[in-house]
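Mind looking over this structure? Questions follow.
Residue numbering restarts at 1 for every chain, and letters A, B, ... go by the order of the sequence lines.
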There are 2 protein chains.
Amino acid sequence: MKRYLKGDSWNIIEEDFHPNLQRNTESIFTIGNGRMGQRGNFEETYTGDTLKGSYVAGTCFMDRTRVGWWKNGFPKYYSCMPNAPYWSGVNVRLIDEELNLDQWDIQQFSRKLDMRNGISNRSTIVTSPKGNILSISIQHFYSMTHRDLCLIRYSVASINYTGKISLVPFINGDVIHESSNFNEKMWSILRTETNNNQASIWVQTKRGNSQICCAEEADLSKNGQTINTRPIRIEKEKIVGFSLGAEVKPGDNLILTKYTAIASNLYHQQDNLMADAISESSEAKSIGWDKLYEEQTNYWHHFWETHDVIIEGDNDAQQAIRYNIFQLKQNFPGDDPRLNIGAKGFSGEKYGGNTQWNTELCVVPYCLIGVESKMARSLLLYRYYQLPKAIENAQKLGFKDGAALFPMVTMDGEEHHNEWEVTFEEIHRNAIIIHVINYYLECTNDKEYVAQYGLEVMIAICRFWNQRVTFSGRNQKYMLLGVTGPDEYENNVDNNWYTNYSCIKNISFTIDCLRMVEHDYPDSYKKVTEKTEFKAKETERWKDIIERMYLPSDEEYNIYVEEDGYMDKDLNTADCIPQNERPISQHWSWDRILRSCYIKQSDVLLGMYLYGNDFDKDTIQRNYHFYEPKTLHESSLSYFVHSILAARIGETENAYQYFLLANRLDLDDYNNDVSEGVHITSMPGSWLALAEGFAGVVFKKGVLHCAPIIPKKWDSYSLCINLKDKLLTLKVTQIDITFTYQGQISQNIVVYDKNVILPSNGKSTTITRV
Amino acid sequence: MKRYLKGDSWNIIEEDFHPNLQRNTESIFTIGNGRMGQRGNFEETYTGDTLKGSYVAGTCFMDRTRVGWWKNGFPKYYSCMPNAPYWSGVNVRLIDEELNLDQWDIQQFSRKLDMRNGISNRSTIVTSPKGNILSISIQHFYSMTHRDLCLIRYSVASINYTGKISLVPFINGDVIHESSNFNEKMWSILRTETNNNQASIWVQTKRGNSQICCAEEADLSKNGQTINTRPIRIEKEKIVGFSLGAEVKPGDNLILTKYTAIASNLYHQQDNLMADAISESSEAKSIGWDKLYEEQTNYWHHFWETHDVIIEGDNDAQQAIRYNIFQLKQNFPGDDPRLNIGAKGFSGEKYGGNTQWNTELCVVPYCLIGVESKMARSLLLYRYYQLPKAIENAQKLGFKDGAALFPMVTMDGEEHHNEWEVTFEEIHRNAIIIHVINYYLECTNDKEYVAQYGLEVMIAICRFWNQRVTFSGRNQKYMLLGVTGPDEYENNVDNNWYTNYSCIKNISFTIDCLRMVEHDYPDSYKKVTEKTEFKAKETERWKDIIERMYLPSDEEYNIYVEEDGYMDKDLNTADCIPQNERPISQHWSWDRILRSCYIKQSDVLLGMYLYGNDFDKDTIQRNYHFYEPKTLHESSLSYFVHSILAARIGETENAYQYFLLANRLDLDDYNNDVSEGVHITSMPGSWLALAEGFAGVVFKKGVLHCAPIIPKKWDSYSLCINLKDKLLTLKVTQIDITFTYQGQISQNIVVYDKNVILPSNGKSTTITRV
């Protein structure tokens, strides 16, 4: 755990510069607008340790696969969102010195990520090696209202310096993607252009069809007066920009405003990329900083009205939950079903910006319960559109007849991961895709979506399960052999309980939906069954699988068992591991981890979270108390699940501790990996811990059920929930719960198993807590 | 299967050039003398597909490990015997043309590997693009009597050409090692020198401490008369040599003799390397080709007197068994316990020239039963000297108190492999090391070796087993969880029968040896127990492990089971797999292979082969008939084991078929991989199939037992066996067996379970076959 950032309810604040933690801070200070974003890099030259990283959603470089020992079936390429040209550059030059916080003396330093307004701020007072003192302050944001714009206001005041100061806005196309498999440069420069007012650089990924063009304009003012000097052009092979300068004396203040537009061929005609980027940056300059800034703060104020969570009595929790909500929004727009969200968003290179199952586990449920239902639908459609590729993926592994295996890691639907135990065996990823269709249906009751899109995906996945099971003659049971569950600290096991159970849940829900669609949407049924060549008799074996699926359990402990052989292990508890051997992933050899009883996250508990209605409280409790002491939480997906389950079995304080861990995972760097980026896709987990855990929210056929509890430490918490596409605010105190619904039609909900009628039009109802 | 080489009992012959199979032929025509060797490359320029490869035993480059996803515990480097400077170069130049079989027209072509004499021959008649016709013949050998020498006689006769022919002997230090992980050049050139008569090049591995120096001299004769022209020196940065030429007219014949000495710092003072290499090549020239050639053929004639196998009535089998014996000898001298033998010897880059457990499984038993007992002892000592590294390897994986895990792949004792399922989990490699000590003791009754060397290794391995087992509370049994057996088509399994059984065999033999050494060699016992801090009470738990080790079995089939979960698989037979999907390693995705019932080689059967005395014929038969139909033999270690087991259960014709497969694995390229090198370390397997299988040879406390059978097709077979360090020839016909023993003391042996006294001094005894 690292706690060096200041507590504050609306801001993330670093006071004093921590060069040794620069990579961490850069990750945490990530800014973006969904379309693009960047790590919290310094705009000017910095020779200390840093990972400069800017990224554009949907760009893709096909990195050649690197393995030591090739296994048949490995994909040839690993898709990768490449580190884009660095478009945020602003250098500061005195006569013969250049600003560099690695080498200049720092008198004052602070940076602040202002979440209420969506602005990143930095200010510092520094002395150059020659004794020149400057006061610098920078504001930087990605416009949420003009999605191609990145805006920087760079202000330099002289404290004791007399002479020329040049401010150099530039774009650097010569970028290294640190985790490139073969140290390849990922972009080709197609064209650069610089004229008096504009500089632009147009690039294409070397393998892949992504093109972007970045164009910048800038203006300079001195003591509030615009200076119309002729800029000196900078035009190198891969770097463009210009130098704008003015003579200053102590007390003078120069402000450079840099308007950068980044146009990608995902949203612009390829031929027009440069023209579009140039005209957008021009237009931005003519709109002007003040207006754009105002639009930005208005956008975020409006956002918080419908998304804020307020936790009274716990500043740490308050800060972190806002941070998590803010980062997800900044990193993912959710308005384009061609796009998904990488585990690190725009905060780093790890996992290559690829889609993983975290999306379905954390992001989709957050969107559905929270007020992002369009985002949820877009994410569901993302998988729908990639179904043909998922069928191809399965074919490559020997499956047939329209069976689909969705990828573990992808950008375009093709599998791009290459660890056999993950790529080939973590087939549970298929299960969550049907699960969220189910979840979507429960939350929205939108049966038409199932008829039009969902069913096709479901049939393909059930066909996969049907072919993937093995019938064990000696046990007269269906089994799933050779799988890896979500707990990757077990590999290539037989009968992972979670996978087996998910398989029958998938099939059973699909059979229900087939019946529903056949009855309610006969045209869709005909269309889907024709397209997929589905025959009703396929369900005969499916039903047999449901009936005779093997589910490992243990009689002595009366629990479900992670997988075959788990109970033969040396059954210790995590507190037996010395602290200096944690995390074990960084200290133990892989085989030792695999054969130990220690789990990254429990698969049985995950199943009990996802399929909560199937298990009574006692069963959850027994399993929770068996697995929780063996769990190391060396996964960002573990804490929030434990928090929710603890809440469900009434262990509020335990739930609270796990909530804090899930909530401040990045801000306090619990997993010692924030330098590589923040865990964008598991951030919504902390919100789910609040909603599904403390508030006990669950939707059943479109009807909201809840049963709020509250940790002792808190005075109250409130959050916004989507009910029939209208805002429901739920505020829980130690005493009561207040519901405020904005819909125009009053709604039936169920609170503590009792029906409650919510009045409409913003009227509130208060119910005493049980 | 590829059958393009001509059948012949003493030679491997390629008639007509097969450029598409050039890599295969190069592998098969590998020549060497144990200290160094090379693939059967053309000496002159060849622009067609080829893998030029020359190697020096014991040289090592530390190749950086390449993996896609790093697991804790992986070694940083992969040791590699680097492709050495190409010292066999001889180019042939006309006025403005250069000989190149890829571009010249070939009228006649043949090459012949003469195993009786240890000489590689090639002859060809070719027409240049300009119509010049040359007749070329080349002899090439590595001296078995001067181990630093490589000798080439390159003869060029003009058929219709008039003009100058230049012959250019050269050494090329600019070598690419094709399977380098990061395309690095592996050698630095330390110095090159060329004077009128000599050219030399001195190199060092870039990572690693190996140095070699190659020096060449040459002479040229025309129509039998030495020509004393002044050679033109060739001295480039990385290539040295000279050009020797003469004017010719049709009918003239030029002969270049090239004497190359290769000195390595394993056998030469580093400072003297260049001087030594130069003086050795000079000395070779003064000894002269004829004398060196004669010594070579004498050496091999003598060798065959004591190593030949004669199979009458089966030319294919005859050719292949000689090939296998010849290649092992050429690739491994067995006179230096610092050296072991790579799976491909000098025939290719695959597996990096590293030591694997094939050595113990195939090579050591061949050496012990055959007449290479010094080689066997040297190979045993190799592991003994690497024990400290094996203890370090185990420590890296979390073991302690002197437990040892010998490496899966190594050159210096350190583990250099990096597939977690192999590196960390194929712990069975430890077992075979104790097993061959046991085997050595049975063959030689050399108890002193055990006392002086063996016991220390055995204690360390038993300590590993002791820490590696898990006691399953629910089963009250010891288990080995998370292992990979020799059958790598199952990964990360629990309770691999072979590993579990080997573990108790190891411990039990060690306990016996402890008792024996304590009693017979009390001084050694004291020395070893002090050095290892061994306490007698350690054996208490060891004994408990023997008693309570879990051994998976199946009641229905009455067989032992490969590992937990195996019997849940879909139990098909290999003939269900379409031919176009074989080998499955090249067609099926890895997960599909893993969860299928198909095995590369059966671990249960391997155990029944190695621990043959423990199982009655019925048990072997039941297990054989259960596993054999499921076995794909996609390993070079499978066929010979099946041949031996089939022989043991009296299925002679089945044994014969498997013998043929083991025997001609490389010559007929059954596994479609000969282009990468031949399977040097499994070649002795075919000899073992003859000795342990057909002849039924087994040693018990130094006493030879045998029970020969013979395939119908054969008239007879004979082989040489080591009995008390003297030669015993055993000849088996359809009717009888004749023993001829060269020892001076008559010996008791057991034939078909009956005692027989062998007379001494070359007298023969004949016994009727049963």
**Report entry** Residue selection (most heavy-atom pairs with chain B, distance under 4.5 Å) from A/Val422, A/Asn418, A/Asp570, A/Ile584
**Finding:**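 The candidate making the most pairs under 4.5 Å is A/Asn418.
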Query raised in the report: Nearest heavy-atom pair of B/Arg66 and A/Val67: which atoms, and what distance?
Result: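 Shortest heavy-atom separation between B/Arg66 and A/Val67 comes out as NE-O, 3.0 Å.
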Query raised in the report: Any chance the rings of B/Trp420 and A/Trp420 have centres within less than 6.0 Å?
Result: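 Yes, the ring centres sit under 6.0 Å apart.
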Query raised in the report: Side chain, backbone, both or neither: which part of B/Lys477 has an atom under 4.5 Å from a heavy atom of chain A?
Result: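 Neither; nothing under 4.5 Å.
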Query raised in the report: What's the shortest heavy-atom distance between A/Leu481 and B/Asp568, and which atoms?
Result: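 A/Leu481 and B/Asp568 have their closest heavy atoms at CD1-O, 4.0 Å.
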Query - Interchain contact, B/Ser585 with chain A, by part (heavy-atom threshold 4.5 Å) - result: backbone
Query raised in the report: Would one find more than 12 heavy atoms of other residues, nucleotides or ligands at under 6.0 Å from atom OH of A/Tyr560?
Result: no
Query raised in the report: Would you say A/Phe626 has more than 12 foreign heavy atoms packed within less than 6.0 Å of its CZ?
Result: yes
Requested in this report: Using non-hydrogen atoms and a 4.5 Å limit, figure out which bit of B/Glu421 sits close to chain A: side chain, backbone, both or neither.
Outcome: side chain
Report summary line: Cut-off 4.5 Å, heavy atoms of chain A, and the answer for B/Tyr78 is side chain
**Report entry** Contact class of B/Tyr550 relative to chain A, heavy atoms under 4.5 angstrom
**Finding:**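 It is neither, since no heavy atom gets under 4.5 Å.
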Requested in this report: Pick whichever of A/Arg592, A/Lys569, A/Lys396, A/Glu556 has the most heavy-atom pairs under 4.5 Å with chain B.
Outcome: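 So the answer, after comparing A/Arg592, A/Lys569, A/Lys396, A/Glu556, is A/Lys569.
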Report task. Check whether any side-chain heavy atom of A/Arg595 lies under 4.5 Å from a side-chain heavy atom of B/Met479, and answer yes or no. Result -> no
Query raised in the report: Above 12 or not: heavy atoms from other molecules or residues under 6.0 Å from CD1 of A/Ile176?
Result: no
Query - Heavy-atom closest contact (A/Asp494 atom, B/Gly565 atom, distance) - result: OD2-CA, 3.9 Å
Query - Point-to-point distance, once rounded to the nearest 0.5 Å, from CE of B/Met567 to CG of A/Asn475 - result: 11.0 Å
Query raised in the report: Non-hydrogen atoms of chain A under 4.5 Å away: do they reach the side chain of B/Tyr557, the backbone, both or neither?
Result: neither
Requested in this report: Flag the pair B/Leu594 / A/Asn492 as yes when at least one side-chain heavy-atom distance between them is below 4.5 Å, and no otherwise.
Outcome: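 Side chain of B/Leu594 against side chain of A/Asn492, heavy atoms only: contact under 4.5 Å found.
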Report task. Compare every heavy atom of A/Asn72 with every heavy atom of B/His587, then report the nearest pair and how far apart it is. Result ->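 Heavy atoms of B/His587 and A/Asn72 come nearest at C-ND2, 3.0 Å.
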Requested in this report: Would you give the length of the straight line joining atom CG of A/Leu571 to atom CZ of B/Arg474, rounded to the nearest 0.5 angstrom?
Outcome: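 With rounding to 0.5 Å, CG (A/Leu571) is 9.0 Å from CZ (B/Arg474).
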Query raised in the report: Quick one: what part of A/Phe399 sits under 4.5 Å from any heavy atom of chain B, side chain, backbone, both or neither?
Result: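 Just the side chain, heavy atoms under 4.5 Å.
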Query raised in the report: From A/Asn491 CG over to B/Glu425 CD, what is the distance, rounded to the nearest 0.5 angstrom?
Result: 8.5 Å
Query raised in the report: Can you name the closest pair of heavy atoms from A/Ser589 and B/Gly73 and give their distance?
Result: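 Shortest heavy-atom separation between A/Ser589 and B/Gly73 comes out as CB-CA, 4.4 Å.
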Report task. Specify which of B/Val483, B/Asn495, B/Asn181, B/Leu397 makes the most heavy-atom pairs with chain A at under 4.5 Å. Result -> B/Leu397
Report task. Tell me, out of B/Gly473, B/Gly398, B/Ser472, who's got the most heavy-atom pairs with chain A below 4.5 Å. Result -> B/Ser472
